[in-house]
Amino acid sequence: MNNFTPRNFIQNIIDEDLRQNKEVKRIHTRFPPEPNGYLHIGHAKSICLNFGLAAEYGGLCNLRYDDTNPSKEDLEYVDSIETDVKWLGFDWEDRKYYASNYFEKMYESAEELIRAGKAYVCDLNAEEIREYRGTLKEPGKESPYRNRTIEENLALFRSMRVGEFADGSRTLRAKIEMASPNLNMRDPVLYRILRATHHRTGDKWCIYPMYDYAHPISDALEGITHSICTLEFEDHRPLYDWVVDNLDLGCKPQQIEFARLNLTNTVMSKRKLRELVEQGYVEGWDDPRMPTISGIRRRGYTPESIRDFCERIGVAKANSEVDISLLEHCIREDLNTKAPRVMAVLRPLKVIIDNYPEGQVEELSAENNPENLEMGSRKLPFTREIYIEQEDFMENPPKKFFRLTPGKEVRLKHAYIIKCERVVKDEKTGEILELHCTYDPQTRSGSEQSGRKVKGTLHWVSAQHALQAEVRLYDYLYTKAEEGQDDNDSNEAEMVLNPHSLARLTTCLVEPGLKEAKQGDRFQFMRQGYFCADLDSTEDKLVFNRIVSLRDSWAKQGKK
RNA sequence: UGGGGCGUAGCCAAGGCGGUAAGGCAACGGACUUUGACUCCGUCAUUCGUAGGUUCGAGUCCUGCCGCCCCAGCCA
């Protein structure tokens with residue numbers, strides 16, 4: 001059994017196509033975003049699918065902007081889309097296209113349809129068209145303008161083009177079937193009159209083609225063989241085929257639909273993402289909490305991990321919601337071998353090692369990545385005063401707490417075993433101010449007699465050498481609402497905005513080597529997670545984003 | 001009796017021609033561990049929405065039923 005790469009239904013279709021069409025051994029796909037927003041991880045699924053299929057079958061994949069509605073689109077988005085696709089690791093080479101480049105050809109094709117008696121100019125306004133369309137259960141009525149002569153239609157359509165009519169006053173419609181059970185076939189609008197400046201064609205046009213008309217033509221002109229889109233276009237496929245069949249475009253692409261990606265603990269719709277940005281719940285489209293590709297990139301995810309994720313989720317037609325833990329698994333797995341280990345104390349607690357010589361500095365050797373020894377080692381300064389993590393000390397520990405507690409020993413990673421001798425507290429508040437410990441000089445890491453075992457190992461930084469840093473801890477943007485006890489109604493677990501999706505820690509201390517950290521550099525902060533130097537990070541003010549925490553079976557214990 | 005889709009474990013998802021339920025994530029045990037990480041090992045669907053039928057044999061074929069999603073933009 002070949003259980004390495006499970007085949008998806010689209011690969012099966014392509015295999016079958018290749019088997020049957022002996023001449024046509026060519027695979028050509030396209031990624032067709034509308035430049036009206038930022039790409040998100042759902043688009044990544046589509047990008048990986050389209051470019052991935054092309055690569056797998058030795059074919060090509062185009063980048064094409066579906067820019068047929070100037071009132072919603074903007075150049076700003078074109079740039080971000082290209083950045084994102086490239087970042088994901090895909091290359092459209094010289095095949096960057098725009099539907100708007102085909103406007104002239106589309107116009108000519110429309111006249112062709114008119115001449116064939118398959119399209120007509122309709123004077124009904126938007127509201128009237130809706131009324132004539134009928135309902136889901138009742139057939140529509142034919143437009144009174146449906147049977148104009150070809151000559152009249154041609155003249156009218158030409159007048160539309162040159163701007164003789166007001167916006168919305170007329171449309172060009174396909175003459176198909178007003179009684180069709182598929183509403184898309186009830187004489188769909190092909191062209192609307194719209195005076196808007198297009199980001200590429202400027203004011204050249206005042207009529208613009210509709211998606212259902214423009215898309216199949218664009219596909220055919222580019223020689224697309226498999227036009228892959230999402231499920232909601234399934235109902236449009238007969239219209240897609242109608243356009244391709246009724247025009248002589250020399251190519252008949254096939255539309256295939258798959259289910260879009262949904263992820264737990266976040267939202268994916270452009271509308272909701274825009275809301276988050278505009279209402280200030282996040283700091284922008286690239287906020288590290290956003291599921292946008294720019295957000296994910298800033299958070300510190302690698303393109304490799306996103307591609308791996310897109311491969312693992314599969315492609316099918318069933319609506320589904322992928323657990324975000326799979327995404328987290330993918331980035332952990334990727335960074336485990338790639339990210340150098342480093343020590344950072346997020347919530348510092350001072351520790352004084354009473355029997356360690358004052359003023360002494362030892363240079364301890366620390367491997368950079370135990371999973372990848374080729375990454376070498378570095379020197380860490382060890383001194384009498386250090387900081388450990390607040391949560392690594394407990395005065396009255398629960399069972400199985402094998403970190404530092406009064407009278408007990410613990411290992412300092414790469415250094416010595418220390419024992420907690422005394423706790424200094426604020427007399428008024430009871431707050432723990434510092435710990436006094438002793439160390440065992442025999443237990444230095446790597447030395448002959450370091451063999452004594454203690455259960456816990458802590459990370460630490462030298463007080464004198466540590467660097468100040470800001471660390472941003474991110475949590476899910478949305479959480480499931482707590483469900484009430486009564487289950488009279490359906491147990492609709494509604495998503496609610498997580499008010500604690502960002503925690504900014506400004507008093508963190510990191511090991512001195514991090515001074516060199518450049519924006520985008522990724523590290524594993526030992527025992528805590530994977531972090532990435534943020535865009536805001538400078539040599540004078542280090543800022544790290546938590547990409548994802550390490551798995552934490554101790555934290556799970558607590559929740560049980 | 002509008003039309004189009006979909007229903008395999010907590011979450012994804014493989015299952016050409018009917019032959020006795022892949023894999024991943026999560027979870028749970030355990031081993032290892034100078035990261036409670038990583039790694040390793042083990043457990044996790046007698047059953048494929050459901051009820052019948054055909055068959056020696058059905059997740060795969062047939063019929064009925066149930067549930068969920070999409071469609072009435074001059075958006076894509």
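Small disclaimer: the values here were computed from a predicted structure and weren't measured. Sequence lines set the chain letters: A, B, ... in the order given, protein chains first and strands last, and positions in each chain run from 1. Only this structure's heavy atoms are used, side chains among them; waters, hydrogens and symmetry mates stay out.
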### Summary
The residue among A:Q254, A:E257, A:Q255, A:R30 that forms side chain to side chain donor-acceptor pair (under 3.5 Å) with A:S227 is A:R30
### Task
Take atom NE2 of A:H236 and atom P of B:C75, then tell me their distance rounded to the nearest Å.
13 Å
### Query
For A:H459, which contact category applies under a 4.0 Å heavy-atom criterion: base, sugar-phosphate, or nothing?
nothing
#### Entry: Plane angle bin for A:W554 and A:F402 - parallel if under 30°, tilted between 30 and 60°, otherwise perpendicular
tilted
### C1' atoms of B:G5 and B:A27, separation to the nearest Å
32 Å
### Message
Between B:A58 and B:U20, how far apart are the two C1' atoms, rounded to whole Å?
### Response
10 Å
### Message
Centre-to-centre under 6.0 Å for A:H198 and A:F103, is that the case here?
### Response
yes
#### Entry: Per-nucleotide protein contact string for nucleotides 4-11 of chain B, where B marks a base within reach and S marks sugar-phosphate only (heavy atoms under 4.0 Å, - for neither)
SSS----S
### Task
By nearest nucleotide on RNA chain B, pick out whichever of A:E73 and A:G314 is the more 5' one.
A:G314
### Query
Should A:R312 be listed as having a side-chain N or O under 4.0 Å from OP1 or OP2 of B:G23?
no
### Task
Rounded off to whole Å, could you give me the CG-to-C1' distance for the A:D167 and B:G73 pair?
16 Å
## Note on the structure
Checking A:R173, A:R133, A:R146 against A:D187 for side chain to side chain donor-acceptor pair (under 3.5 Å), the one that qualifies is A:R146
### Task
Please find out if less than 6.0 Å separates the ring center of A:F523 from that of A:Y530.
no
### Task
Determine the Euclidean distance between corresponding P atoms of B:C66 and B:C25; express it in Å to zero decimal places.
39 Å
### Query
Taking the six-membered ring for Trp, are A:F382 and A:Y416 parallel (under 30°), tilted (30 to 60°) or perpendicular (over 60°)?
tilted
### NZ (A:K272) with more than 12 external heavy atoms under 6.0 Å
no
#### Entry: For B:U20, the Watson-Crick or wobble counterpart (both distances under 3.5 Å)
none
### Query
Tell me, for nucleotides 35-44 of chain B in 5' to 3' order, what letter each nucleotide earns: B for a base near a protein heavy atom under 4.0 Å, S for only sugar-phosphate near one, - for neither?
BBBB------
### Summary
When rounded to whole Å, the CE to P distance for the pair A:M160 and B:C74 reads 13 Å
### Interatomic distance at P, B:C32 relative to B:G49, whole Å
43 Å
### Message
Regarding A:N184, tell me which of base, sugar-phosphate or nothing describes its non-hydrogen contacts under 4.0 Å with the strands shown.
### Response
nothing
### Query
Does the ring centre of A:F258 sit less than 6.0 Å away from the ring centre of A:F9?
no
#### Entry: Value in whole Å for how far the C1' atom of B:G73 lies from CG of A:L124
15 Å
### Base-pairing mate for B:U39 - Watson-Crick or G-U, with both contacts under 3.5 Å
B:A31
### Task
Report which part of the nucleic acid A:Y208 touches: base, sugar-phosphate, or nothing (heavy-atom distance under 4.0 Å, all strands).
nothing
### Task
Choose from B:A27, B:A72, B:C74 the nucleotide whose nearest atom is closest to any side-chain atom of A:K556.
B:A27
### Query
Just checking A:L136: base, sugar-phosphate only, or nothing, at a heavy-atom cut-off of under 4.0 Å?
base
### Query
In the strands shown, is B:U1 matched to any nucleotide by a Watson-Crick or G-U wobble pair with both distances under 3.5 Å, and which?
none
### Query
Aromatic rings A:Y240 and A:H215: how do their planes relate, parallel, tilted or perpendicular, breaks at 30° and 60°?
tilted
### Task
Quote, to the nearest angstrom, the C1' distance that separates B:U55 from B:C65.
23 Å
### Task
For B:U8 and B:C48, measure between their C1' atoms and round to the nearest Å.
4 Å
### Query
Is the A:F233 ring parallel, tilted or perpendicular to the A:H236 ring (thresholds 30°, 60°)?
perpendicular
### Query
For B:G73, does the glycosidic angle fall within 90° of 0 (syn) or outside that (anti)?
syn
### Query
So what does A:V454 touch, heavy atoms closer than 4.0 Å: a base, only the sugar-phosphate, or nothing?
nothing
### Query
Is the A:Y107 to A:F157 ring centre distance short of 6.0 Å?
yes
### Query
When the distance from CG of A:L326 to P of B:A27 is rounded to whole Å, what number comes out?
12 Å
### Task
Let me know the distance between CD1 of A:I324 and C1' of B:C12, rounded to the nearest Å.
14 Å
### Message
Using atom P in both nucleotides, what's the gap between B:U50 and B:C11 to the nearest angstrom?
### Response
15 Å
### Message
Using whole Å, what does the distance between atom C1' of nucleotide B:G73 and atom CE of A:M210 come to?
### Response
6 Å
### Query
What is the base-pairing partner of B:A72, counting Watson-Crick and G-U wobble geometry with both distances under 3.5 Å?
none
### Query
OP1 or OP2 of B:G73 sitting under 4.0 Å from any side-chain N/O of A:R133?
yes
### Task
Could you check whether A:L263 gets within reach of a base, just the sugar-phosphate, or nothing at all, counting any heavy atom under 4.0 Å?
nothing
### Query
Expressed as a whole number of Å, how far does the C1' atom of B:U54 sit from that of B:A14?
27 Å
### Distance under 6.0 Å and angle within 45° of ring axis: A:R200 vs A:Y98
yes
### Summary
Heavy-atom nearest nucleotide on RNA chain B taken for A:E127 and for A:E367; more 5' hit belongs to A:E367
### Task
Please check the phosphate of B:G2 (OP1 and OP2 only) for any side-chain N or O of A:T135 closer than 4.0 Å.
no
### Query
Is A:T68 touching bases, backbone alone, or none of the nucleic acid, heavy atoms closer than 4.0 Å?
sugar-phosphate
### Query
Hey, is the main chain of A:A415 close enough, under 3.5 Å, to the side chain of A:R411 for a donor-acceptor pair?
yes
### Query
What is the distance from CZ of A:F9 to C1' of B:G16, rounded to the nearest Å?
16 Å
### Message
Over all strands shown, is A:I129 touching base, sugar-phosphate only, or nothing at heavy-atom distances under 4.0 angstrom?
### Response
base
### Query
Does B:G15 have OP1 or OP2 sitting under 4.0 Å from an N or O in the side chain of A:N12?
yes
